[in-house]
Amino acid sequence: MGDVIATNQSILVIGGGISGITAAIEAAECGKQVILIEKEPAIGGRISQLYKYFPKMCHPTCGLEINLRRIKANKNIRVMTLTEVTDVAGKAGDYTVTVKVAPRYVNDNCTACGECNKAVTGEFDDAFHLGMKKRKGAYLPYAMAYPQRYVIDPAIIGSDDASKAKAACKFNAVDLEMKAQSVTLKAGAIIWATGWKPYDAEKIQPYGYKRYPNVVTNMELERMMDPFGPTGGKILRPSDGQEARNIAFIQCAGSRDKNHLKHCSRICCMASLKQTTYLREKYGDEGKATVYYIDIRAIDRIDDFYQKVQADPNVSFVKSKVANITQNKENSNVILNGVNTEGYQRYSNEHDLVVLATGMEPSIPANAFPMKITINENGFIEQDEANGAIFAAGCSADALDVNRAVQSATASALRAIQVVNRVAGMEG
Amino acid sequence: MANTNTVMIEKYRNNFLKEVEANVEEGEWVKMCMQCGVCSGSCPLGPHWDHPPQELFMMIRAGKREAVLSSSSMWMCTSCYNCVVRCPRGLPITHIMHGLASYANKLGLAPKNQPTKKFSKIFWDNITKTGRANELKMGLSLYFMDGMGSGVKNAMANQKLGMAMMKTKRMNPMEITGGHGIKDTGGLQAILKKAREIEDAKLKKQ
Ligand SMILES: Cc1cc2nc3c(=O)[nH]c(=O)nc-3n(C[C@H](O)[C@H](O)[C@H](O)COP(=O)(O)OP(=O)(O)OC[C@H]3O[C@@H](n4cnc5c(N)ncnc54)[C@H](O)[C@@H]3O)c2cc1C
């Protein structure tokens, strides 16, 4: 690792989520030189924030660990974190890519001992925990972060905390003089895997996210389930810190909706079905989940999963898009109002907590790509000759679950390999 | 006019959706409904409808012609547009409701004593006379909509409101003699007559 030389025969992978990681490993294991670029201080992407994976209900950390081992074992991959692409010039087989590397203020002497973290005091919202928890200004992005190296928040540079962090480090790893740098890289092909971000639930006005404390998103629920997360693995109501046992899920929250995301994100149905099993895991027969849906889209083999959840007497389904949410002022319970399509009965149902199953939108807005690229009306990258040798992988190509994201990544790796092989053939 | 109904039945035999698409304002949107129900849940008068919009759309698709056209449901729409704003498919639900009501009225199938229907008729007759609403006459026609007895009662009950409106010049007692109007009332009548002719011709062509 680290010996990779960027040439026209190397492959650049942008985005270190499961898709980028997969594409990078597949190409590197075929003997190609790969540079993996990630804008955050650690790779892993959104899956690192999930508690369990459908359909097998294993922990994402497990799959991540296997992949990290493969990266560590492969001398063909170089990982660059805190790095973003600012410009892409050239054509298939001959790209020049300019990237900006933000300072980490910690060099590779770091042993992840954590002394700097103990020394500092200032606290900031922890983005990994979606702001539900605080972290200090010298921190490890998350337990399994790769590289296992601390980061210093630029916000403490110049403050007492910065000097404290430096003083605490026995390995001379804290370097407060680090500057942002611009680096130029060559590549024959580019795999674009910048993934997705959750749709902003605050935009769905009638659901009162941020207005009512007990309206949360599906990603926030994933964080609550983390034993080391903001609630220590408990599903707690933000209003009073009590355990929520009667939980509603609203499907298509901001999806399949011309006022919000037009597309179906495909995974939200499965994500909610999965999350109903979290309730069973926590409370056994004492938990109650109600899923409000337009139609459940559990595709092909994961229909089994749906059937199992349907058989659970503690999970009920209401065929209805909830019209709006109000709040019981006395106990801060949420009240879901609407009309049930199966019989057209009006309901106002009270729950302890409601989870908005928000969908995925491309992490990069349509006008923010550093190069010309064909995108569809939902902002996902289309396969197009005009894109040259820039291939989208995973959720930058479409809203996908991990299984499909990984398939997409492998396909992109193959396309990229074909291009650099052609270059190799010509260059001899 | 009663004839038009039988003509339509003949013409669209078993395909009420087609009939709606061809004859009801914005009717071509009906098939876009995905039955999510957000319209029904968002309607402030929802509890008072026999069939909320989502159900009406399904009934249209199911060919329940009688039930839909003689329903009082679409007459309940107050044009608040809450449903239109929230509909994930962008259906102009308010317009469709008015379209359905107006079509039912044309065919003579609308419920006889539906108050909104009566009000619409009163309003239309009032405003088309001079091109301006005559508040006084409209108020009186509304009060006496259901006969003399309830009319006097209504008028008494709303006396204060009437006085306040006069005080603030929102209503003029002199309007009883005819009231204000636009410059070219004749022109307006001609426009309306022509519009009616076009509409009638459209129906006849069926
Ligand atoms: C609530 C919820 C639950 C889910 N549960 C499951 C599940 O149980 N099972 C399952 O199969 N799927 C699940 N998914 C879907 C899963 O999260 C995605 O399939 C997966 O995250 C896709 O990975 P990705 O690498 O394509 O994108 P991401 O995970 O988004 O990774 C993209 C990476 O690119 C980086 N990046 C972004 N922009 C730039 C840039 N400009 N430059 C450099 N790097 C950049 C990001 O920091 C990130 O590391 C769930 C989704 C949701 C919303």
Side-chain angles (χ1 to χ4, degrees), chain A residues 199 201 203-208 248-265 268-269 290-297 317-326 334-350 354 356-359 377-378, chain B residues 17 26 28-64 67-68 70-97 100:
Chain A
Y199 182 69
K203 291 186 186 159
I204 318 164
Q205 191 273 343
Y207 291 168
F249 294 87
I250 298 188
Q251 299 311 115
C252 301
S255 294
R256 298 167 69 196
D257 191 330
K258 75 167 241 307
N259 302 307
H260 302 285
L261 298 179
K262 270 200 206 147
H263 63 272
C264 161
S265 279
C268 332
C269 281
T290 312
V291 182
Y292 296 82
Y293 68 102
I294 303 175
D295 40 45
I296 294 288
R297 295 185 165 177
F317 291 85
V318 178
K319 187 171 170 61
S320 167
K321 183 175 172 75
V322 173
N324 71 335
I325 296 176
T326 47
V334 281
I335 304 168
L336 276 56
N337 305 297
V339 170
N340 185 344
T341 298
E342 291 171 324
Y344 305 105
Q345 302 94 349
R346 209 155 276 281
Y347 61 81
S348 288
N349 297 343
E350 201 163 319
V354 59
L356 304 182
T358 48
E377 63 164 345
N378 305 317
Chain B
L17 176 63
E26 305 285 5
E28 65 277 17
W29 279 95
V30 169
K31 63 173 173 294
M32 290 301 291
C33 170
M34 63 169 161
Q35 290 293 303
C36 75
V38 87
C39 53
S40 309
S42 303
C43 178
L45 284 183
H48 306 286
W49 295 48
D50 291 337
H51 313 294
Q54 165 203 23
E55 189 180 5
L56 281 179
F57 296 151
M58 205 56 192
M59 287 165 78
I60 292 172
R61 269 148 52 171
K64 298 196 182 270
V68 170
S70 60
S71 166
S72 77
S73 294
M74 54 273 192
W75 296 92
M76 302 300 292
C77 175
T78 59
S79 308
C80 78
Y81 286 86
N82 218 5
C83 55
V84 179
V85 169
R86 287 187 188 163
C87 175
R89 290 268 172 101
L91 267 72
I93 301 166
T94 303
H95 304 84
I96 304 172
M97 290 306 117
L100 280 171

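Letters A, B, ... are given to chains in the order of the sequence lines, protein chains preceding strands, and every chain is numbered from 1.
Summarising the geometry of V322(A) relative to V38(B), their closest heavy-atom pair is O-CG2, 3.7 Å, with the distance given to 0.1 Å. Across all their heavy atoms, V85(B) and N259(A) have their closest contact at O-ND2, 3.0 Å.
In this structure, Q54(B) and Y344(A) have side chains that are in contact, with non-hydrogen atoms separated by less than 4.5 Å. Between M34(B) and R256(A) the shortest side-chain heavy-atom distance falls below 4.5 Å.
Your options are P206(A), G338(A), C252(A), and the one with the most heavy-atom pairs under 4.5 Å with chain B is P206(A). If you tally non-hydrogen atom pairs under 4.5 Å between each of G46(B), C39(B), P52(B), C83(B) and chain A, the highest count goes to G46(B). Ranked by non-hydrogen atom pairs under 4.5 Å with chain A, the options P88(B), G41(B), S40(B) are led by P88(B).
Environment of NZ in K64(B): sparse, with no more than 12 heavy atoms of neighbouring residues, nucleotides or ligands closer than 6.0 Å.
Atoms CD and CD, on Q35(B) and E342(A) in that order, are 11.0 Å from each other to the nearest 0.5 Å.
For the side-chain contact (heavy atoms from CB on, under 4.5 Å) test with C36(B), the passing option among D295(A), D257(A), I294(A) is I294(A); the others fail.
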